[in-house]
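Heads up, the thing below is written out as structure tokens.
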Amino acid sequence: MKYFIADTHYFHENLLGDNDFAPRLFDTVEEMNQQMVTAWNAVVNEKDTVYHLGDVAMHPLYEKGFPAILEQLLQLEGKIIFIKGNHDSRTFFKYLAAHNPKLANGTAKFEFEDVGAIVKFNHHQYYLTHYPMLLGKTVNIRNLHGHIHNYSMPIAEDINVGVDAPERNFLQTPLPFGTPISENLIDEIAAYKEIEVKKLK
């Protein structure tokens, strides 16, 4: 199974509390971090692949915080393919690559993409990026992205999969905070978003 998530921002204390941009209703970053680990592992198993579309963490100690971030990531089930966000440095990715564990099948747990990736499922092609794309008129192409947190692009084909994305409100069954979105749920989000975007015209 493929899963998608973005903007976890582990250790980012400035996001805590009620705000318009990225509401994180937790008292501490430890509570927030643990909730995201618990939610992730409730749906993902070791054979699954999670595409993380950028902004993994913002540790107050910068590069000295890399070991603490790695400790968080090693608690997460599945293979993780990281697409670089604006808060993800190449130095950080190099650190993860140098401490990349093996899964039970012998493959590396972490993979890295600098700009984006393309995957196909459910009769659609998906451009996976950190920043939302302006696709224009397309046929069976969607953009899964993060970056804009509690905001949404007024484009039906652009789907924000971040942990605090408003598109999550389109799901019939709400997901706990920090849950990666499965490929099976993307069509459900897309159908409701198309209806909402049409209301804007």
Side-chain angles (χ1 to χ4, degrees), residues 1-10 12 15 19-24 36 39-40 43-44 48-58 73 76 78-90 92-93 96 110-171 174-198 200:
M1 179 74 73
K2 299 179 186 69
Y3 289 85
F4 307 91
I5 198 167
D7 302 309
T8 45
H9 282 251
Y10 289 110
H12 194 175
L15 294 185
N19 61 80
D20 290 335
F21 181 61
R24 306 280 174 105
M36 289 192 285
W40 179 302
V43 296
V44 177
D48 295 325
T49 297
V50 182
Y51 291 86
H52 192 303
L53 308 187
D55 287 4
V56 177
M58 286 190 69
L73 298 176
L76 302 174
K79 183 180 189 69
I80 309 174
I81 299 177
F82 295 101
I83 291 167
K84 187 176 177 296
N86 56 301
H87 291 296
D88 302 318
S89 67
R90 289 187 177 88
F92 172 55
F93 277 10
L96 293 184
F110 304 143
E111 285 186 15
F112 309 91
E113 297 286 350
D114 225 23
V115 178
I118 297 175
V119 298
K120 295 181 180 180
F121 60 90
N122 295 349
H123 309 292
H124 282 76
Q125 182 168 269
Y126 291 85
Y127 296 164
L128 311 181
T129 57
H130 178 62
Y131 302 99
M133 298 176 67
L134 298 177
L135 290 174
K137 196 166 183 66
T138 66
V139 178
N140 294 341
I141 295 176
R142 292 174 180 153
N143 172 218
L144 304 185
H145 65 85
H147 185 61
I148 55 177
H149 290 265
N150 196 35
Y151 291 89
S152 181
M153 294 290 288
I155 301 170
E157 291 77 17
D158 284 33
I159 298 173
N160 185 352
V161 295
V163 296
D164 34 31
E167 274 89 333
R168 290 173 174 264
N169 295 328
F170 295 142
L171 291 169
L175 297 176
F177 182 84
T179 306
I181 298 173
S182 74
E183 58 186 276
N184 293 340
L185 294 177
I186 295 295
D187 276 347
E188 182 180 330
I189 291 174
Y192 278 89
K193 183 163 187 186
E194 186 174 2
I195 293 169
E196 291 302 307
V197 169
K198 284 179 179 177
L200 301 175

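Fair warning: this is a prediction, and the values are worked out from it, not measured in the lab.
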Closest heavy-atom pair, Ile80 versus Leu73, reported as atoms and distance to 0.1 Å, is CD1-O, 4.4 Å
Subject >> Donor-acceptor under 3.5 Å (His130 side chain, Leu53 main chain) >> reply: yes
**Asked** Do Phe121 and Tyr51 pass the ring-ring contact (aromatic ring centres under 6.0 Å, His included) test, and can you show the C-alpha distance, the side-chain angles, and the key distance before you say yes or no?
**Response** CA-CA 14 Å; Phe121 60 90; Tyr51 291 86; 8.8 Å; no
Distance col, row Asn86:CG vs Tyr131:OH, nearest 0.5 angstrom, shows 4.0 Å
When every non-hydrogen atom of Leu96 is compared with those of Phe110, the smallest separation belongs to O-CD1, 3.8 Å
Rounded to the nearest 0.5 angstrom, the CZ-CG distance for Arg90 and Asp88 is 11.0 Å
- Would you say Asp7's side chain and His147's backbone share a donor-acceptor pair under 3.5 angstrom? yes
Contacts of Asp55 meeting salt bridge (Lys or Arg N to Asp or Glu O under 4.0 Å) (sequence neighbours excluded), chain-then-number -> none
Between Val161 and the options Ile189, Ile186, Leu128, Ile5, the side chain to side chain contact (heavy atoms under 4.5 Å, CB included) test singles out Ile186
Practice problem: May I ask you to check whether Phe92 and Tyr10 place their ring centers less than 6.0 Å from one another? | Solution: no
Correct closest heavy-atom pair for Ile155 and Met133 would be CD1-O, 4.5 Å
**Prompt:** Should the heavy atoms of other residues, nucleotides or ligands under 6.0 Å from CG of Asp114 be counted, would the total exceed 12?
**Reply:** yes
In terms of heavy-atom contacts, Tyr3 and Met1 come closest through CE1-CG, 3.3 Å
Note: Arg24 and Asn19 closest approach over all heavy atoms is N-ND2, 4.4 Å
Taken to the nearest 0.5 Å, the spacing of Lys193 NZ from Met153 CE works out to 7.5 Å
Using a 6.0 Å cut-off, check whether atom CZ of Phe177 has over 12 heavy atoms from anything other than its own residue. yes
Do Asp187 and Arg142 have side-chain heavy atoms sitting under 4.5 Å apart?
-> yes
Query - N/O donor-acceptor pair under 3.5 Å between Thr49 side chain and Lys2 backbone - result: no
Distance col, row Ile181:CD1 vs Leu171:CG, nearest 0.5 angstrom, shows 6.0 Å
- Task: Report the relative orientation of the aromatic rings in His124 and Tyr126; use parallel for angles under 30°, tilted for 30 to 60°, perpendicular for over 60°.
- Result: tilted
Here the gap from Leu175 atom CG to Ser182 atom OG, rounded to the nearest 0.5 Å, amounts to 8.0 Å
Under 3.5 Å, is there a donor-acceptor pair between the Asp158 and His145 side chains?
no
Between the CD atom in Glu183 and the NZ atom in Lys120, the distance rounded to the nearest 0.5 Å is 15.0 Å
Open item on the list: Parallel, tilted or perpendicular, judged at 30° and 60°: which one describes the rings of Phe112 and Phe93?
Closed with: tilted
Note: Asn160 and Pro166 closest approach over all heavy atoms is ND2-CD, 4.2 Å
Worksheet entry | Whether Phe21 and His149 hold their rings parallel, tilted or perpendicular, with breakpoints at 30° and 60° | tilted
